[in-house]
**Q** 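The structure's right below; bear with me while I get my questions together.
Within every chain, numbering begins at 1; the chains are lettered A, B, ... in the order of the sequence lines, protein sequences first and strands thereafter. Model, not experiment: these values are computed from the prediction.
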Amino acid sequence: MTTHRHRTARPGAILAASVVAALLAGGAMAAEPRGTGDLGVIVERASGSLAIVETTGRSLLARVDGLGDLSHASVVFSRDERFAYVFGRDGGLSKVDLLAARIVKRIVQGGNAIGGAISDDGSLIAVSNYEPGGVRVFDAGSLDLVADIPAIGAGGGASKTVGLVDIPGRAFVVTLYDAGEIWKLDFSAGASPAITRLTGVGKLPYDANVTVDGRHYYAGLFGEDGVVHVDLWKTPLTAERILDGYGRGAEPLPVYKMPHFEGWAAVQGKLFLPAIGREELLVVDIATSREVGRVKVHGQPVFAVARPDGRQVWVNFAHPKNDTVQVVDTESLSVVHEMKPGPAVLHLEFTPRGHEVWVSVRDRDQVKVYDTRSFIERAAIASPKPSGIFFTPRAHRIGQ
Amino acid sequence: MKRKWFQRVEIWGAMLGLVVGANAAGADTAPGIDRGRLVDLVRQDCGSCHGLTLKGGLGRPLTPEAIAHFDRDSLRLIILDGIPGTPMPPWRPLLSEAEAATIADILKSGEVR
């Protein structure tokens, strides 16, 4: 009996094995080509991994490990939306193939990096460094070094750099944190940049960003009550102080998490800025640089991100109020919805046309997906200690 | 006249010393302190400025070597009161004295890396 059983089992096993082999072979041969316009990545900060996701079916496709220290990591995408460039805190710059789910190349370019940008032609990757400071620029294909730009301010000291963005014309703008300067790095003539230095712009500019038309660059100051504005369409460039004394003499609250200008909201000619040390968003008229309103919110804002149509601004908050997200209506300048996705909401990213938003909830090890009109939770994706979420359409936006 | 043991100053002194000593050395075991939560806070919340591995970011490195010149008490006070004129905030509204002392111990021990 046993022999018989054995005999009959065998052809079955062989059949099963050949089916698996055929599936594998067939899968490899007929690998359905797919677009990348609905892809994205989630930075998993504690495990140093990147989750590759797609936003149509709201699913995790693959995980890429070995990206080093990803606390405070950020990501930009190649023009074809196939490759993600990941800037790690440990100075790592990794080029990840989203379709193959693997690291194509990884270099450790500095001791301690904060973020980066990709030039408008897709050829240059610029990395902003805390240690040794300055900006390093790499070839987007090979990751070979193109230019090393130490950030030595007018006072002679080396500076950490923040708020690095791309602007049209194969150029970047960056802010020097320690020196209080803003530099434009123009690579239009080749590998050696023409540098325009704006000095003495203010004390401790901690982050900066540019409007999606690449025209207005704003840097938030930590050491002073104000914001720096540079109109990049003007010649010569000048740094203009705006919103001076926006705290109106009131003692700022302790800041347990620096606000971010990345992913900020510029809507209908208005800018929604996180106020530092205050539980408010400042609403600024872009044309006049004047404050036109304030929105009282739940805590100190960290990110204030506009839904792509501009009708809403979604806000998350600093520790210890970081379990909450509020939605501000940009017409009425009022909070229209509040939700508690869970402990430590770190980041949020809208789908390309804003029908849904993905929210990372670090201490729940989850990314939650919400409908932005009904606010209904559509999905929850398991992800260990998720922080930044980046979708590929960023490839086609200025200043990302 | 022979004193009873509880009348002897030196014994009270020794007992006081024991209590104080236990307090100073044992902040990490003080009742009501959730050391695991504080380790998490160091990694995640201190880490958002000082780096997840505490090797520095916008804030300076907090590795044991980098903070060797601070004693535990100075660290406790910096944590509680912050450093005016820099982004280092006072944590007094959120942490007790004992919790701040425990965080100083955690930093000194180098267990977060």
Side-chain angles (χ1 to χ4, degrees), chain A residues 43-48 68-73 88-91 111-115 128-133 159-163 177-178 203-207 220-224 251-260 276-277 300 302 318-322 343-344 346 362-363 385 387, chain B residues 32-67 75-97 99-100 102-104 106-107 110-113:
Chain A
V43 173
E44 297 171 333
R45 62 188 300 199
S47 49
D69 178 355
L70 292 186
S71 60
H72 215 294
R89 179 40 84 64
D90 58 0
N112 194 332
I114 181 64
S128 172
N129 282 314
Y130 281 167
E131 184 60 49
S159 205
K160 294 169 185 164
T161 53
V162 298
Y177 173 74
D178 309 275
K203 271 171 69 181
L204 301 181
Y206 60 89
D207 199 9
L221 298 175
F222 189 87
E224 286 174 77
E251 193 60 28
L253 303 167
V255 177
Y256 296 111
K257 169 99 183 111
M258 297 291 255
H260 279 253
I276 192 154
Q300 293 183 46
V302 175
H319 183 94
K321 294 187 172 179
N322 56 2
L346 290 197
R362 185 191 67 203
D363 291 349
K385 297 279 178 263
S387 61
Chain B
I33 300 262
D34 181 348
R35 191 184 173 98
R37 187 185 72 84
L38 293 177
V39 165
D40 223 42
L41 183 131
V42 167
R43 194 188 304 281
Q44 303 295 346
D45 294 301
C46 304
S48 69
C49 273
H50 297 280
L52 206 65
T53 55
L54 305 183
K55 286 183 194 142
L58 206 56
R60 45 192 295 172
L62 298 180
T63 53
E65 307 77 58
I67 57 170
L75 288 176
R76 180 180 60 85
L77 288 173
I78 291 171
I79 293 163
L80 288 170
D81 297 326
I83 304 177
T86 77
M88 177 63 190
W91 287 80
R92 202 178 281 282
L94 302 178
L95 295 172
S96 70
E97 296 260 348
E99 284 172 326
T102 304
I103 289 175
I106 291 168
L107 294 176
E111 67 187 88
V112 175
R113 67 181 62 153

**Q** What residue, out of B:Pro89, B:Gly47, B:Gly82, B:Cys46, has the most heavy-atom pairs lying under 4.5 Å from chain A?
**A** B:Pro89

**Q** Within the distance-only criterion (no hydrogens, no angle test), does the side chain of A:Lys160 pair as donor or acceptor with the backbone N or O of B:Leu58 below 3.5 angstrom?
**A** yes

**Q** Is chain B contacted by the side chain of A:Lys203, its backbone, both, or neither, given a heavy-atom distance below 4.5 Å?
**A** neither

**Q** So B:Lys55 and A:Asp90, side-chain contact (heavy atoms from CB on, under 4.5 Å) or not? Walk me through it.
**A** CA-CA 9 Å; B:Lys55 286 183 194 142; A:Asp90 58 0; over 6 Å; no

**Q** Going from CZ on A:Arg89 to OG1 on B:Thr53, what distance comes out if it is rounded to the nearest 0.5 angstrom?
**A** 8.5 Å

**Q** For the residue pair B:Thr86 and A:Phe222, what are the closest heavy atoms and their distance?
**A** O-CE2, 3.4 Å

**Q** Which of the residues B:Gly57, B:Cys49, B:Gly51 is involved in the greatest number of heavy-atom pairs with chain A at under 4.5 angstrom?
**A** B:Gly57

**Q** For each of B:Ser48, B:Pro87, B:Gly56, tally heavy-atom pairs with chain A at distances under 4.5 Å, and name the one with the top tally.
**A** B:Pro87

**Q** Contact part of A:Arg45 toward chain B, heavy-atom cut-off under 4.5 Å: side chain, backbone, both or neither?
**A** both

**Q** If you measure from CD on A:Glu131 to CZ on B:Arg60, what distance do you get to the nearest 0.5 Å?
**A** 12.5 Å

**Q** Nearest 0.5 Å please: distance from the NZ atom of A:Lys385 over to the CD atom of B:Gln44.
**A** 6.0 Å

